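This report concerns only the one structure given below.
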Amino acid sequence: MDRRLTDQLAPTGRLRAAINLGNILLVTGRSATGGPAGVAPDMAAAVAAQLGVPLSLVPFDTPGEVADAVANDVWDIALIAAEPSRAETIAFAPAYVEIAATYLVPAGSPIRTIADIDKPDTRISVSERSAYDLYLTGHLKHAVLSRASGLAGAFRHFVEDGLEALAGLRPALLDNAAELPGARVLEGSFTAVRQAIGTRPGRPEALQFLTRFVVEARSSGLVARLIDRHGVAGRLQVASDDPL
């Protein structure tokens with residue numbers, strides 16, 4: 001492997017991969033050694049194997065914490081959702097999986113469609129600094145976002161404070177709806193959250209390598225096999241060409 005590339009992606013001799021533990025579709029369990037297991041850790045392992053270096057997973061509880069750590073030299077690659085505001089400080093390869101984002105509404109809600117959401121009297125619970133929080137912050141004109149820490153916190157806030165909607169990823173919202181008789185997950189999506197591999201800017205060889213890796217991982221069937229292996233088929237989809 002080219003020394004310049006390994007200097008950019010593994011300057012410590014190991015590939016340090018930041019993993020967002022808050023994404024329950026990409027981190028679905030624990031490995032035999034107690035570390036995170038799932039599609040994202042396996043993608044990181046495949047990157048390390050192609051580089052020919054050992055892997056160290058660096059876990060974070062939320063994607064916002066991963067993004068904040070970009071300047072702290074604690075990770076070399078980050079597996080989080082690509083989003084325009086994050087792309088200001090993180091260089092992203094094309095997405096490898098995507099997940100539809102929509103809303104959950106409580107029993108008896110008059111809200112029938114996504115188009116009904118953006119009104120002044122609609123309060124939306126959302127996981128703070130998630131990719132869909134960042135998206136909604138830039139796109140909603142009238143509805144009010146009410147933020148909580150993590151997916152569980154946003155669901156608790158929605159239920160306990162009687163908010164009109166909960167924003168989230170469709171698979172997680174379907175699980176939430178099962179706990180609330182009469183609650184409904186709205187059809188369609190307001191965006192698709194696209195999970196990608198990022199690195200720090202100013203590392204052109206690293207970004208080119210990661211881009212080639214992701215394109216090959218999608219076309220070879222690697223991403224699809226990992227989705228099947230970790231039991232998230234139908235909840236994650238292999239990403240199409242990246243719009244960013």
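Here the structure is a predicted model, which means the values were calculated and not measured.
Shown here for V126 and A154, the closest heavy-atom pair between the two residues is C-CB, 3.7 Å. Closest approach of A17 to L55, counting heavy atoms only: CB-CD1, 3.9 Å.
Residue L169 holds its CG atom at 7.0 Å from CG of L151, rounded to the nearest 0.5 Å. Distance CZ/R86 to CD/E83: 6.5 Å, rounded to 0.5 Å. If you take CG on L104 and CG on L186, they are separated by 8.0 Å, rounding to the nearest 0.5 Å. For the atom pair OG of S125 and CD of E160, the computed distance is 10.5 Å after rounding to the nearest 0.5 Å. Atom NE2 of residue H230 and atom CZ of residue R225 lie 12.0 Å apart, to the nearest 0.5 angstrom. Atoms CZ and CG, on R212 and L207 in that order, are 10.0 Å from each other to the nearest 0.5 Å.
Residue L26 is tested with L226, N20, V97, L79 for a side-chain contact (heavy atoms from CB on, under 4.5 Å); the sole match is V97.
Of the N and O atoms on the side chains of T28 and R229, not one donor lies less than 3.5 Å from an acceptor on the other residue. For S56 and R16, the side-chain atoms include no donor-acceptor pair closer than 3.5 Å. Between the side chains of E98 and Q237, no donor-acceptor pair is found at a separation under 3.5 Å. Judged by distance alone, the side chains of D118 and T122 never bring a donor and an acceptor atom under 3.5 Å apart.
Side-chain N or O atoms of S189 include none that pairs as donor or acceptor with a backbone N or O of A192 at under 3.5 Å. A donor-acceptor distance shorter than 3.5 angstrom exists from the side chain of N23 to the backbone of L25, with no hydrogens or angles considered. With hydrogens and angles ignored, the 3.5 Å screen pairs a side-chain donor or acceptor of R184 with a backbone N or O of S109. Checking side-chain atoms of S149 against main-chain N and O of G153 turns up no donor-acceptor pair under 3.5 Å. Using modelled atom types, no side-chain atom of E205 and backbone atom of L5 make a donor-acceptor pair closer than 3.5 Å. Of the possible donor and acceptor atoms, one in the side chain of E65 sits under 3.5 Å from a partner among the backbone N and O of D61. In terms of modelled atom types and a separation under 3.5 Å, the side chain of R218 and the main chain of V238 share no donor-acceptor contact.
Between Y135 and F190, the two ring planes are parallel [angle under 30°; tilted spans 30° to 60°].
Counting only heavy atoms from C-beta outward, the side chains of Y96 and L222 never approach each other to under 4.5 Å.
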Begin from the C-alpha positions of R147 and S130 and carry the test side-chain hydrogen bond (donor to acceptor under 3.5 Å, both in side chains) through to its verdict.
-> CA-CA 10 Å; R147 297 175 176 86; S130 60; over 6 Å; no
Would I111 and T113 satisfy side chain to side chain contact (heavy atoms under 4.5 Å, CB included), going step by step from the backbone distance to the final call?
-> CA-CA 6 Å; I111 297 171; T113 70; over 6 Å; no
For side chain to side chain contact (heavy atoms under 4.5 Å, CB included), just list the numbers for R170 and T102, CA-CA rounded to whole Å, side-chain angles, deciding distance to a tenth of an Å, and then say yes or no.
-> CA-CA 6 Å; R170 176 175 294 280; T102 183; 3.7 Å; yes
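R123 has no carboxylate O lying under 4.0 Å from a charged side-chain N of D161, or vice versa, which leaves the two without a salt bridge.
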